[in-house]
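Everything numeric here is computed off the predicted structure, so don't read it as measured data.
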Amino acid sequence: MQTENFEEILMKEYGPLMGGEDLRRALGYRTWSAFARSVRMGGLGVTVFEIAGRRGKFAFTRDVAKWLQSVGASQSDRQTSEEEKS
């Protein structure tokens with residue numbers, strides 16, 4: 001799937017910002033504690049931020065889409081490399 005299409009789908013579903021449960025699930029964390037630990041350690045893969053007067057962390061949907069696409073692309077590249085070695 002092309003990045004633009006993937007981004008468009010996420011933008012229609014979530015709007016320009018993702019937060020809370022949607023963000024946690026989109027990034028692939030099963031639990032809130034795993035998500036929070038990754039935030040503390042700076043290992044999310046996307047930039048998250050706080051918004052004054054609102055609870056939790058937020059990320060731009062565009063950044064989430066690009067990161068998910070890059071993860072999928074790198075996984076695909078690894079599988080291709082492994083198949084070529086066989």
Side-chain angles (χ1 to χ4, degrees):
M1 182 181 300
Q2 294 180 350
T3 304
E4 297 82 27
N5 294 338
F6 189 60
E7 182 179 325
E8 190 175 307
I9 291 167
L10 291 180
M11 288 291 279
K12 284 180 182 176
E13 180 73 23
Y14 302 108
L17 288 177
M18 292 181 77
E21 185 72 15
D22 295 330
L23 180 59
R24 180 188 66 80
R25 286 182 36 232
L27 296 177
Y29 290 93
R30 291 183 184 205
T31 65
W32 277 107
S33 62
F35 177 79
R37 184 172 47 250
S38 192
V39 168
R40 282 193 308 274
M41 298 178 75
L44 281 183
V46 297
T47 301
V48 294
F49 50 90
E50 296 179 355
I51 298 176
R54 297 190 57 194
R55 288 185 174 182
K57 303 290 185 190
F58 297 86
F60 289 110
T61 302
R62 173 173 286 162
D63 293 343
V64 173
K66 288 178 182 177
W67 180 78
L68 289 170
Q69 192 72 29
S70 72
V71 170
S74 66
Q75 181 66 26
S76 177
D77 290 344
R78 271 186 265 166
Q79 287 177 346
T80 302
S81 293
E82 290 175 6
E83 289 171 1
E84 289 173 354
K85 290 178 185 178
S86 299

Side-chain contact, heavy-atom cut-off 4.5 Å: Tyr14 with Leu23?
-> no
Gap separating the CZ atom of Phe35 from the CZ atom of Arg25, nearest 0.5 angstrom | 13.0 Å
So CZ of Arg24 and CZ of Arg30: to nearest 0.5 Å the spacing works out to 10.5 Å
Is there a path from Met18 to Val39 through hydrophobic residues (I, L, V, M, F, W, Y) whose side chains come within less than 4.5 Å of each other?
-> yes
Can you tell me how far CG of Leu10 sits from CG of Asn5, rounded to the nearest 0.5 angstrom?
-> 11.0 Å
Donor-acceptor pair, Thr61 side chain versus Met11 backbone, under 3.5 Å?
-> no
Nearest non-hydrogen partners of Glu50 and Gly56, listed with the distance | CG-O, 3.9 Å
Of all heavy-atom pairs linking Leu27 and Val64, the shortest is CD2-CG1, 4.3 Å
Close side-chain approach of Lys66 to Phe6, heavy-atom, < 4.5 Å | no
Residue pair Val46 / Ala59: nearest heavy atoms and the distance that separates them = CG2-CB, 4.3 Å
Rounded to the nearest 0.5 Å, what separation is found between the CZ atom of Phe58 and the CG atom of Leu17?
-> 7.0 Å
Test item: Leu44 and Tyr29 side chains (from C-beta on) under 4.5 Å apart, heavy atoms | yes
Are more than 12 heavy atoms from other residues, nucleotides or ligands located less than 6.0 Å from atom CZ of Phe60?
-> no
